[in-house]
Number of protein chains: 2
Amino acid sequence: MSSAERKAREKEELKALILKASMKLFVEKGIEQTTIRNIADAIDYSIGTVYVYFKDKNAILHALHTQCFTELAGQFRVLYTVKDPMERLKAMGKVYIQYAMDNPDKYDLMFNLKEPMEFLNDIQAKEWDEGAATFDVLRTTVQECIGAGYFKGHNLEPLSFLIWSCMHGICSLEIRARTKGVLLKNPDTIVSDAYNEFLKFIEKK
Amino acid sequence: MSSAERKAREKEELKALILKASMKLFVEKGIEQTTIRNIADAIDYSIGTVYVYFKDKNAILHALHTQCFTELAGQFRVLYTVKDPMERLKAMGKVYIQYAMDNPDKYDLMFNLKEPMEFLNDIQAKEWDEGAATFDVLRTTVQECIGAGYFKGHNLEPLSFLIWSCMHGICSLEIRARTKGVLLKNPDTIVSDAYNEFLKFIEKK
DNA sequence: TTTGCGAAATGAACAATGTTCATTTTATTT
DNA sequence: AAATAAAATGAACATTGTTCATTTCGCAAA
């Protein structure tokens, strides 16, 4: 049975190789500009082989999407050591923004992916479960902040959503502005400056 | 000279017709799924004609992009009657969110458009000038709010950006969640609920 | 009315892409 | 060594954006 095991492992490895090359090309040239032929070339396999391992181009996007969410969730793990909830909340924001700024293309893939519909019905849940899990971490932290006397008069669910929206909005607008090369008075510091403004709102007891 | 004038007018009309049909198809079937042939069919002209009036598919996207920003700017015009700056700021948020919720596909077009690069160098400025102009209106309002005693200890530029980010984040996440059909505990009211949380932060003097 | 000319419209043709599948190659077992 | 299963292949197809030589049209001049 060891040969079967090796085969299974090799299959996984090739699958991972395809994903790695795809991500590289997506980041380099953009999703639209990356063709299956490009991917196949990059890993020295034929076009058909790519289709043996992934149903279609969307399946690749899909897998990378999940991968990115898992990666971000991983970044959040360091926060479990931060006991004070407000400190943790602030750190979460920093980590989130840092991830988006370090990986603008991945962030784009995570949130701005134009999903060609059918995978809605298909596997739908999986990759957004990762997103939902991350949101749970945020909600819990906000809950603890409320317990510690912050956010008086606010409601947990919409407040958590608002906080996520703020972070997402900052990252989304910044990335968009960066790739277009337009507006924004202080492009270098606007993100951290905006984040500081955000802190002034949430820190008040 | 009247025939020349009429010809010029007819050209503009056909151009507008192409844009109208394109927008309809984009909203109906999505940008990727809308082909030049579809557009040509919809207006009973040939493929080539579309290319007589627009350099390529991107030029069409581009024109619609500008059109949407102009439309949103138009919605803001009602706000000029609101004297109190904080009331105006709150109303701006409402109008912004309303526009995004009423026209999710247009909003997507405005902010999530994957621009195939060259138009970066080309006409770049134009369509984002609309965005910049809108941002100016926001900044001015925030400035007046500060003058009225709000936002003590905050800085105008990053604060304005943060406020825009909040609104954009709310709309962006909601639209994304809606088209995927996932997460969010109270999908029906989450946007207005989050907006209300937002108000609690900014209303404090 | 007829003719001529410039502008507008056309659609066949091309290159590039995602995708399929019958065939070939490779690996494993008998 | 032969047989069988698995994996890899790339030619072929449908669809797309795009181009351009050709045709059609509108209108002023003869």
Side-chain angles (χ1 to χ4, degrees), chain A residues 1-19 21-23 25-26 28-64 109 113-119 122, chain B residues 1-19 21-23 25-26 28-65 113-119 122:
Chain A
M1 268 300 168
S2 101
S3 85
E5 277 170 24
R6 200 202 59 226
K7 285 252 228 123
R9 183 163 39 83
E10 278 174 357
K11 276 187 78 166
E12 282 309 307
E13 279 172 5
L14 186 43
K15 210 167 174 178
L17 184 64
I18 292 172
L19 288 179
S22 302
M23 178 69 89
L25 289 170
F26 286 158
E28 273 175 20
K29 328 177 22 172
I31 293 173
E32 313 282 317
Q33 311 306 317
T34 300
T35 72
I36 302 289
R37 284 167 181 80
N38 285 340
I39 297 170
D41 273 4
I43 60 173
D44 283 316
Y45 276 87
S46 72
I47 308 159
T49 304
V50 176
Y51 280 92
V52 171
Y53 289 84
F54 290 95
K55 182 175 146 279
D56 52 24
K57 194 178 180 181
N58 252 293
I60 297 176
L61 267 305
H62 194 259
L64 291 178
L109 183 67
L113 180 57
K114 288 284 180 306
E115 74 289 25
M117 50 240 60
E118 16 87 70
F119 99 127
D122 277 15
Chain B
M1 271 296 169
S2 101
S3 86
E5 278 170 23
R6 199 203 58 226
K7 285 252 227 121
R9 183 161 41 82
E10 278 174 356
K11 275 188 77 166
E12 283 309 307
E13 279 172 4
L14 185 43
K15 210 166 174 177
L17 185 63
I18 292 172
L19 287 180
S22 301
M23 178 69 89
L25 288 171
F26 285 158
E28 273 175 20
K29 329 178 18 172
I31 293 174
E32 313 282 317
Q33 312 305 318
T34 300
T35 72
I36 303 289
R37 285 166 181 81
N38 285 340
I39 297 170
D41 273 3
I43 59 173
D44 283 316
Y45 276 87
S46 72
I47 307 159
T49 303
V50 176
Y51 279 92
V52 171
Y53 288 84
F54 290 94
K55 181 175 148 279
D56 52 24
K57 194 179 181 181
N58 253 293
I60 298 176
L61 267 305
H62 194 258
L64 291 178
H65 190 263
L113 179 56
K114 288 284 178 306
E115 74 288 25
M117 55 241 55
E118 16 87 71
F119 99 126
D122 277 14

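Throughout, protein chains are lettered first and strands after them, A, B, ... in sequence-line order, and every chain is numbered starting at 1.
Going from atom CD of B/Gln33 over to atom CD of B/Glu28 covers 13.0 Å, rounded to the nearest 0.5 Å. The structure places CG of A/Asp41 at 9.5 Å from CG of A/Leu25, a figure rounded to the nearest 0.5 Å. Residue B/Glu13 holds its CD atom at 5.5 Å from CZ of B/Arg9, rounded to the nearest 0.5 Å. The distance from atom CD1 of A/Ile60 to atom CZ of A/Phe26, rounded to the nearest 0.5 Å, is 6.0 Å. Atom CD of B/Glu10 and atom CG of B/Leu17 lie 12.5 Å apart (nearest 0.5 Å). Remark: B/Leu64 CG to B/Leu19 CG distance equals 5.0 Å, nearest 0.5 Å.
A/Leu14 places a side-chain heavy atom less than 4.5 Å from the side chain of A/Thr49. Between A/Thr34 and A/Ser22, every side-chain heavy-atom pair lies at or beyond the 4.5 Å cut-off. The shortest distance between side-chain heavy atoms of B/Phe54 and B/Lys15 falls below 4.5 Å. Residues A/Asn38 and A/Lys29 form a side-chain contact, since some pair of their non-hydrogen atoms from C-beta on lies under 4.5 Å apart.
Nucleotide C/dA7 holds its C1' atom 21 Å from the OH atom of B/Tyr51, rounded to whole Å. Atom CG of A/Asn38 and atom C1' of C/dG18 are 12 Å apart (whole Å). The nearest whole Å value for the distance from the CG atom in B/Asp56 to the P atom in C/dA16 is 17 Å. One atom, NZ of B/Lys15, and another, C1' of C/dA9, lie 17 Å apart when rounded to the nearest Å. Regarding B/Glu32, its CD atom lies at a distance of 13 Å from the C1' atom of C/dT17, rounded to whole Å. Between B/Lys57 atom NZ and D/dT18 atom P there is a gap of 8 Å when expressed in whole angstrom units. The nearest whole Å value for the distance from the CD atom in B/Gln33 to the P atom in D/dA14 is 19 Å. The separation between A/Ile36 atom CD1 and C/dC21 atom C1' is 16 Å, rounded to whole Å.
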Using atom names, set out every protein N or O paired with an N or O of nucleotides 22-25 of chain C below 3.5 Å, distance rounded to 0.1 Å.
none

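Five base pairs at each end of the helix from C/dT1-D/dA30 to C/dT30-D/dA1 define two local axes, and these are offset by 20° (rounded to 10°).
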With sugar-phosphate taken as primed atoms, P, OP1 and OP2 and all else as base, the protein-contact string of nucleotides 2-9 of chain D at under 4.0 Å (heavy atoms; B, S, -) is ----SSSB
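Nearest heavy atoms, A/Ile31 versus A/Lys57: O-NZ, 3.2 Å.
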